[in-house]
Structure formats: C-alpha cells, structure tokens
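As structure tokens, the structure follows; a few thoughts come after it.
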Amino acid sequence: AAGAQPRAQRIQRAERAEQPRAAPSALELKRKRADIEEERVAKRRRQQPGAVLLDTGRTKQFVTATTLVNLRPMLYLSSAMAWGSGPSLSLRRGACAAVRLDGGRLLAIGGCEGQSAAGTTEILDFRDHRRMVFSPGPRLSVQRRECSAIMLDDHRLLVVGGYDGTHFLSSTEILDLRTGQFQAGPRMANRRAAPGIAQLGTGHVVVVGGKNAFGCLETSEVLDAGAAAPAFMPGPSMRMQRAGPTAAALDGARLIVLGGHDSGRTHG
C-alpha cells in the first residue's frame, strides 16, 4: 500500500501534464509581444549608444498557427555607423536633384560639372543592395543644374527651375513613369534656381525661394497638382530671402523651410 500511493501520485501528475493548457488570452499575447519588443529595443540601445531610432513607416505582416503578427521595422542611425561606397554615376553631377520613384528605384536629375549643365538623368535600381548600378534614364527637354524635383503621385514626377548654363529657368517638366518621357509642365511666374520644394497633405506643391539674375528670392509659388489644368499661383512670401533652402511638410497644412542663404549670409 505504501508503494502504491506514490505510484498513484505519479500517474495523476502525468495525467495533469498531458492535459492541454488553456490558450493565452489576447491581452497576455499583447503583453508578451510588448515585453519582447521592449527587450529588443533595450538591447539595440546598449549595442549602439547615442543612436537615433527612426520609424521606417512600413509594416510587415505574417501569420503563425495562432496569431496574426504586424511588425513595424525600425532603423537606428548612429555616429558609430560607417559609410560605405555606393554605385558610381556615369557622369559627374554637382547640384543635381534626386527623387525616389518607387520602392526600388531612384532618379538622379540634371546637375553640372564645372560651368556646364546636364540634360540627362540616371536611374538607380536599389532592390538588390549588392548589385546597385545606375542606368541611363529619360532625357530632359533642357539642361538643368540646381533644379528641384518631387513626386506628384505614383505616376508623375515634377522637375522645376534650375539654370541651363546661360539662363535661369522658370520652366518645369513632368515625367510620366508609365511612358518614361518628360513633357512640358506649367511655367512658374519667376525664374528660380536652387529653390526648395515640398508637397502638402492636400496635394498642393509649394516652391519656395531660390535665386535668379536679380538675386535671392523670398517669394513662393503654389501648384494644385490634382487640378485638371494645373497652374502656379503666387504663394506667401517668406520673412527673408533664401536660395538653396530645404522645405518639408510637417503635416497636411504646415510647411517648414530650413536654411539657405541670401546675398550676404547663410541662414541657420
């Protein structure tokens, strides 16, 4: 009897072990995923002290046997990171513009070597980072250095202003990615080289500052990219002249303009 009791207890324990455990609740799974992510973030920070965490804005989704998982890839930038050599352009291009066309291609536009201006473009396919190479892109209708460019939507790219080696330009060009050809776009009211450009959440494109034969500019122009017949309209003037500024949309209704210079100083 004394030996039978421990044996019965072992059988009971084995039966309990064989019983399926209750599936974790959604709240438990959420907490577990949060703990795992917090641990990963802490580990990365230890590995890269002083690094800046950036949200890539992309989401990856996959399904396990029991769970739908959404991952948001994050990117760390740190002064400890090393730059590597990139693919070479076919031409030397100073003061060129560059715009990402889609998830795998980038377009380098115009530019100059010395006093000349280029009317060519080059396309970089970066889907395979081990085999990145530039190939010839569509040709601009005129030579442009110090131009600016921005995507209007998934199929159209706008190039504005610049300098052709002789004249400052008020003309623009639109590249249709479906045809691979540039066509004349709406003309700006002012000739502008080295302007800033950004698109608001409303779809309106704002071109700010720049320079021409009369000096640096404080004016801006606004384009409704979704209009049936898009045309530039006068925009608000900045508080100071800015040639070579950078512009970025903060949200749907606010725009920030950074840096640039006037005839006497560089702005901070």
Side-chain angles (χ1 to χ4, degrees), residues 77 79 81-152 156-177 179-185 188 190-198 207-213 215-217 242-248 257-263 265-267:
L77 292 180
S79 59
M81 298 173 69
W83 287 91
S85 299
S88 296
L89 293 156
S90 63
L91 295 176
R92 299 177 186 268
R93 296 179 186 269
C96 63
V99 177
R100 193 179 75 170
L101 300 177
D102 49 38
R105 296 180 302 163
L106 177 142
L107 184 69
I109 306 162
C112 64
E113 181 180 2
Q115 298 301 314
S116 65
T120 58
T121 69
E122 299 184 47
I123 298 175
L124 174 66
D125 188 330
F126 57 84
R127 285 171 290 189
D128 185 349
H129 69 277
R130 296 165 299 181
R131 300 176 180 175
M132 292 193 299
V133 63
F134 281 98
S135 59
R139 193 172 187 87
L140 295 160
S141 62
V142 298
Q143 297 173 328
R144 297 179 188 269
R145 55 188 281 186
E146 297 180 273
C147 60
S148 295
I150 195 168
M151 291 295 295
L152 298 177
R156 295 180 301 162
L157 176 141
L158 173 69
V159 182
V160 302
Y163 183 70
D164 66 4
T166 305
H167 302 100
F168 292 94
L169 305 172
S170 61
S171 63
T172 72
E173 303 183 41
I174 296 177
L175 172 64
D176 188 329
L177 300 187
T179 64
Q181 295 182 341
F182 279 103
Q183 294 182 340
M188 295 185 293
N190 293 286
R191 298 174 183 268
R192 298 176 188 270
I197 190 169
V207 181
V208 296
K211 62 184 179 180
N212 57 29
C216 299
L217 303 171
R242 295 179 186 268
T246 295
V257 181
L258 308 173
H261 65 88
D262 57 24
S263 300
R265 60 175 181 153
T266 299
H267 301 310

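For the atom pair SG of Cys112 and CD of Glu146, the computed distance is 7.0 Å after rounding to the nearest 0.5 Å. Atom SG of residue Cys147 and atom CG of residue Leu158 lie 10.0 Å apart, to the nearest 0.5 angstrom. Separation of atoms CZ (Arg145) and CG (Asp164) is listed at 10.0 Å; rounding is to 0.5 Å. Put simply, CG on Leu106 and CD1 on Ile123 are 9.5 Å apart, with the number rounded to the nearest 0.5 Å. Leu169 contributes atom CG, which lies 13.0 Å from atom CG of Asn190 (distance to the nearest 0.5 angstrom).
Looking at Glu173, its side chain does come within 3.5 Å of a backbone N or O of Ser141 through a donor-acceptor pair. Of the possible donor and acceptor atoms, one in the side chain of Thr121 sits under 3.5 Å from a partner among the backbone N and O of Pro138.
Shown here for Cys216 and Ser263, the closest heavy-atom pair between the two residues is SG-N, 3.9 Å. Between Pro245 and Gly259, the shortest heavy-atom contact is CB-O, 3.9 Å. Shown here for Arg191 and Leu217, the closest heavy-atom pair between the two residues is O-CD1, 3.7 Å. The minimum heavy-atom distance linking Pro195 with Ser148 is given by the pair O-OG, 2.6 Å. Across Phe126 and Asp102, no two heavy atoms sit closer than the pair CZ-O, 4.0 Å. Considering all non-hydrogen atoms of both residues, Arg127 and Gly104 come closest at CG-CA, 3.5 Å.
Counting heavy atoms from C-beta on, the side chains of Asn212 and Arg192 never come closer than 4.5 Å. Residues Val208 and Val257 meet the side-chain proximity criterion, which asks for heavy atoms closer than 4.5 Å. Residues Ile109 and Leu175 are not in side-chain contact: their nearest non-hydrogen atoms beyond the backbone lie 4.5 Å or more apart.
Partner of Phe182 under the side-chain contact (heavy atoms from CB on, under 4.5 Å) criterion, chosen from Asp176, Thr172, Val159, Val142: Val159.
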Arg144 and Ser171: CA distance, side-chain angles, deciding distance, side chain to side chain donor-acceptor pair (under 3.5 Å) verdict: CA-CA 10 Å; Arg144 297 179 188 269; Ser171 63; 2.9 Å; yes
Intermediate values then yes/no, side chain to side chain contact (heavy atoms under 4.5 Å, CB included), Leu177 and Met151: CA-CA 10 Å; Leu177 300 187; Met151 291 295 295; 3.8 Å; yes
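Taking the side-chain contact (heavy atoms from CB on, under 4.5 Å) definition, one finds that His267 meets it with Met240, Arg242, Asp262, Arg265, sequence neighbours left out. Residues passing the ring pair (Phe, Tyr, Trp, His ring centres under 6.0 Å) test with Phe168 are Tyr163, sequence neighbours excluded.
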Compile the donor-acceptor pairs under 3.5 Å between side chains in residues 85-93 and protein atoms, sequence neighbours left out, one pair per line.
unit_1	atom_1	unit_2	atom_2	d
Ser90	OG	Glu122	OE1	3.1
Ser90	OG	Glu122	OE2	2.9
Arg93	NE	Glu122	OE2	3.0
Arg93	NH1	Gly110	O	2.8
Arg93	NH1	Thr120	O	3.1
Arg93	NH1	Thr120	OG1	3.4
Arg93	NH2	Thr120	OG1	2.9
Arg93	NH2	Glu122	OE2	3.1

